[in-house]
Protein chains: 4
Amino acid sequence: MSNVLNKHRAKYLEGKTANYIPALAQVNPSLAGVAIATIDGDVVGAGDSRVPFSIQSVSKIFGLVMAMNRLGDDLWQRVHMEPSGQAFNSIIQLEWEKGIPRNPVINAGALLVADVLVSHYSASKLAVLNYVRRLADDESVFIDNAVFESELKHGSRNAALTYLMKSFDNIEASVPEVLDHYFTQCAITMSCEQLAKSMLFLANKGKNPCTGERVCSKKDAHRINAILSTSGMYDQSGEFAFSVGLPAKSGVGGAIVAIVPNYGVICAWSPPLNGFGNSVVGKHIIADLAEELGLSIY
Amino acid sequence: MSNVLNKHRAKYLEGKTANYIPALAQVNPSLAGVAIATIDGDVVGAGDSRVPFSIQSVSKIFGLVMAMNRLGDDLWQRVHMEPSGQAFNSIIQLEWEKGIPRNPVINAGALLVADVLVSHYSASKLAVLNYVRRLADDESVFIDNAVFESELKHGSRNAALTYLMKSFDNIEASVPEVLDHYFTQCAITMSCEQLAKSMLFLANKGKNPCTGERVCSKKDAHRINAILSTSGMYDQSGEFAFSVGLPAKSGVGGAIVAIVPNYGVICAWSPPLNGFGNSVVGKHIIADLAEELGLSIY
Amino acid sequence: MSNVLNKHRAKYLEGKTANYIPALAQVNPSLAGVAIATIDGDVVGAGDSRVPFSIQSVSKIFGLVMAMNRLGDDLWQRVHMEPSGQAFNSIIQLEWEKGIPRNPVINAGALLVADVLVSHYSASKLAVLNYVRRLADDESVFIDNAVFESELKHGSRNAALTYLMKSFDNIEASVPEVLDHYFTQCAITMSCEQLAKSMLFLANKGKNPCTGERVCSKKDAHRINAILSTSGMYDQSGEFAFSVGLPAKSGVGGAIVAIVPNYGVICAWSPPLNGFGNSVVGKHIIADLAEELGLSIY
Amino acid sequence: MSNVLNKHRAKYLEGKTANYIPALAQVNPSLAGVAIATIDGDVVGAGDSRVPFSIQSVSKIFGLVMAMNRLGDDLWQRVHMEPSGQAFNSIIQLEWEKGIPRNPVINAGALLVADVLVSHYSASKLAVLNYVRRLADDESVFIDNAVFESELKHGSRNAALTYLMKSFDNIEASVPEVLDHYFTQCAITMSCEQLAKSMLFLANKGKNPCTGERVCSKKDAHRINAILSTSGMYDQSGEFAFSVGLPAKSGVGGAIVAIVPNYGVICAWSPPLNGFGNSVVGKHIIADLAEELGLSIY
């Protein structure tokens with residue numbers, strides 16, 4: 001694992017750290033880590049695998065599981081599960097499809113999910129944090145307030161997406177509340193090891209392999225993996241399926257989490273992003289590990 | 001398998017047989033068949049599993065394998081591998097993306113592939129037919145001339161797509177030649193059993209399990225399955241991954257072929273289509289079989 | 001004029017009163033009025049020509065003149081003057097053109113103008129009201145608070161447009177302030193006679209013919225008439241130019257104001273709208289008067 | 001007039017001669033001419049006002065008049081009269097609006113008009129040429145065969161537009177015939193003086209002022225001027241109305257023809273184009289003349 005990390009580490013120079021908010025732009029671009037957690041309970045890491053970072057869009061998975069558990073299949077009346085064929089923050093398709101987001105892992109869809117959580121939990125922000133801490137089995141997971149404030153301040157596009165959905169009556173709570181929840185969720189801060197561990201239920205048919213606790217139904221674990229396969233890597237999802245072959249989710253903080261069904265979870269992290277918003281180094285690391293270990297699901 | 005077929009058979013009334021060409025509109029809508037071919041060499045069928053039908057867009061897979069083998073990775077300079085988020089015959093995205101089709105299994109992409117074949121084979125139409133016959137190990141596979149003529153006559157939209165690509169210098173041959181090849185390929189006529197058998201290499205890491213012959217590299221078999229997973233079911237691909245969990249390709253003739261890696265291929269057929277252009281009964285059959293046999297790849 | 005009014009009056013049944021806010025939906029749909037004000041100082045009316053109504057988008061002209069006077073040609077760096085080819089409240093083109101509205105008389109453009117006014121006047125809402133009162137030479141012009149409140153409550157789409165522009169750094173003030181100004185302006189309440197009179201400067205090379213006061217430069221009067229000709233009637237602007245041939249602006253309150261250069265202004269009003277958001281009866285009245293009096297500018 | 005021409009002549013360096021076909025790219029970019037024909041019968045020119053050039057899209061007006069005369073108002077079932085808000089050769093809007101072109105002076109609309117002519121004249125190409133010769137009162141007007149051949153060879157995008165309309169059943173003739181007519185029409189070759197003269201009927205309520213012959217009804221002359229005002233200058237039409245204020249049509253050959261109702265016609269020509277496809281020098285010349293002579297219609 002170290003060798004793969006070292007092989008690709010220098011490629012961080014080919015990417016650009018997300019700069020739309022100051023809090024993300026300040027992260028040291030040369031940091032890089034990778035961790036594998038298996039359903040047998042092993043967690044191994046290399047590089048900066050214990051350095052916490054902003055998980056950003058990876059948090060969409062946590063919100064989604066919670067909303068699926070709360071709303072059941074009614075959720076799919078309000079958000080679809082088709083790949084978008086558009087940039088992650090596109091407003092065009094949302095207009096075409098009358099306020100129904102294409103899937104829950106583009107921004108519009110995750111904002112819709114945030115609306116579900118705000119409307120169904122008395123303290124949705126705390127609920128998500130606690131949920132993640134339990135999944136990671138680690139109370140040190142925290143919300144980075146500087147990141148949160150920074151995103152809120154630069155959140156005009158997400159506000160536009162949410163107001164547009166509201167104009168189609170697809171948002172129940174007030175828009176500021178939805179944005180407040182959403183940016184809080186994005187500001188969750190975790191390390192590669194924590195993230196890999198917290199997602200193991202997706203590799204294990206919905207059950208947390210450490211505690212034996214059921215996080216979601218087997219069917220829903222399959223469904224989330226399916227959504228990640230077609231849509232988890234923004235508008236590079238097809239290429240990622242094509243060249244790597246694993247369900248995965250990336251975040252503009254530089255993380256990529258890939259699920260290996262019946263085996264475990266790989267999390268790679270390096271802040272600089274390619275033009276699609278995916279970590280340059282992270283993608284290389286996961287591609288190599290997937291090939292080396294023969295992990296493609298296809 | 002018969003019980004699954006019988007359970008869903010009557011649902012053909014919920015769909016509409018493709019009527020844009022007379023030759024397809026005339027098919028008896030109540031016909032329905034299903035076949036499973038396994039990499040161990042078994043082929044079992046139920047219902048009208050030996051009745052030949054027009055395979056239409058399922059043929060895109062055959063063309064794609066041939067083009068990948070001929071052109072290697074250069075192919076991906078001329079066609080991408082992202083899901084489209086648009087109808088299968090949309091011209092809008094082709095304009096946005098300057099004549100590069102989103103993937104090889106929407107019409108624009110398959111027309112691009114047809115251009116590759118026309119340009120690299122002296123007799124590309126015959127070459128495809130022979131290729132399919134060898135894969136199916138069956139010389140009775142044929143091209144339905146009435147379907148071909150009918151499509152050519154109603155082929156204005158496909159002509160528009162091809163001319164638009166040509167205007168971006170992404171078509172090498174003459175447009176009429178490309179269309180001639182494309183419609184010939186679409187008019188290939190096969191049964192469920194033949195189709196299932198002919199696709200076994202995709203479930204078997206690129207090797208034809210019957211003959212041991214390598215059809216494509218292991219990597220390319222993975223890649224094709226990845227493309228089918230994100231894009232094979234038109235604009236219902238996400239939903240199909242979500243609810244079924246198998247790489248699959250459908251055709252407006254009413255066929256759906258689903259690949260089960262390391263196991264085999266399921267082909268279901270019933271002419272009436274849903275609003276996305278996918279066989280109503282076929283989708284139900286494959287969904288039930290996949291669930292019953294626990295085949296989801298996710 | 002009465003005969004033209006009476007000829008078309010019953011056609012209000014073919015339209016639908018704007019119902020997106022309760023305050024507009026309650027207006028009696030059978031009301032109808034028309035007034036002509038000439039640059040010679042005559043004002044003649046027929047029907048309900050003195051009944052006040054919500055002028056809605058007609059107010060975009062007042063805001064535009066004020067912003068042009070304040071900002072000069074710098075305004076055209078932030079909003080273009082091209083017809084949109086899209087619905088009046090479309091967000092798609094705003095995304096394509098990176099937050100620069102196509103013209104100042106679609107919603108996005110008028111919200112941009114509102115931002116200019118909010119940023120350049122200490123009390124922009126009062127300023128607009130006073131401006132209009134002076135143009136109409138009538139202190140009874142007022143802002144309907146029920147309409148204002150109602151619009152604010154149902155203003156999600158306009159909020160989405162404004163936040164999207166802000167995300168492209170094309171909004172200076174806070175979004176709630178901009179919306180507050182915009183909805184206030186829309187809620188200005190006037191009669192046909194008042195509206196016709198207040199727009200005379202556009203028919204008179206920029207000068208108020210009653211007071212002799214210069215409202216805007218001759219050049220800017222031409223420019224506003226040009227914008228109204230290509231874009232004033234929403235996505236029916238081309239058809240209106242084609243069949244009527246006058247610069248005009250409509251509002252969802254049911255008003256249409258048409259400028260006749262060097263002659264005067266016609267204002268017709270009847271609440272029920274056609275599918276483009278233009279008053280059914282109002283359009284018929286103005287078309288007939290324009291033909292009868294030979295007023296087409298083309 | 002010479003002074004205006006000389007003032008702007010050197011600006012041809014700011015533009016780029018159309019280079020999509022060799023025949024146009026070869027024209028000397030420093031040529032420039034201007035002519036005014038008045039309804040009183042005067043024709044005055046300056047610079048290269050008698051040098052013939054390819055009139056290209058200006059020919060759309062001739063085709064349109066002929067089709068309006070033949071089909072009457074039925075024409076407007078097959079083509080609309082709204083500005084497009086898109087580039088002149090966009091295929092996107094044609095798809096959205098199901099094969100009905102936005103207006104008759106974008107490419108799709110002119111191709112539709114060509115289909116009307118092909119279907120209603122036994123020798124439509126000759127008919128157009130004779131029509132133009134009569135309007136210009138000059139038998140020397142001719143079709144440049146090299147331009148025609150060149151366009152046909154590079155006509156893939158226009159073929160795509162036509163096939164797309166045909167797929168919506170909005171083209172009656174065969175596509176190659178339509179293209180043949182269209183490119184012939186585009187290849188008509190005239191000078192500024194000839195063009196100005198041939199359009200006088202539009203400034204004269206539909207009557208040819210020289211012969212007294214009625215070319216079209218007064219209403220149709222108004223309508224064509226209205227279409228030119230909202231759509232004649234491609235996606236710069238709004239700006240042209242805003243800054244010049246005259247109905248006008250440009251062609252990629254470098255011509256701009258502007259109609260001055262009840263006065264005459266101005267034709268300016270200089271090959272290099274701006275980013276919208278309009279002659280750089282031509283636009284400056286017409287803007288200056290319109291301002292100097294106070295010709296704005298608004």
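All chains are named by letter (A, B, ...) in the order of the sequence lines, taking the proteins before the strands, and each is independently numbered beginning at 1. Below, all heavy atoms of this structure are taken into account, side chains as well, without hydrogens, waters or symmetry copies.
- Geometrically, B:R70 engages B:Y121 in a cation-pi contact, judged by NZ or CZ lying under 6.0 Å from the ring centre and within 45° of the ring axis.
- D:K125 forms a cation-pi arrangement with D:F148, by the criterion of a distance under 6.0 Å to the ring centre and an angle within 45° of the ring axis.
- What you find for B:A25 and B:T17 is that their closest heavy atoms are CA-CG2, 4.2 Å.
- With contacts defined as side-chain heavy-atom distances shorter than 4.5 Å, the pair B:S84/B:Y234 does not qualify.
- Remark: B:K60 fails to qualify as a cation-pi partner of B:Y182 under the 6.0 Å distance and 45° angle criteria applied to the six-membered ring.
- Ranking D:L94, D:T162, D:L164 against chain B, the residue ahead of the rest is D:L164, based on heavy-atom pairs under 4.5 Å.
- Residues of residues 165-181 of chain D lying under 4.5 angstrom from chain B, judged on non-hydrogen atoms, are D:K166, D:S167, D:F168 in numerical order.
- Aromatic rings of D:F62 and D:Y131 (six-membered ring for Trp) have centroids beyond the 6.0 Å cut-off, not under it.
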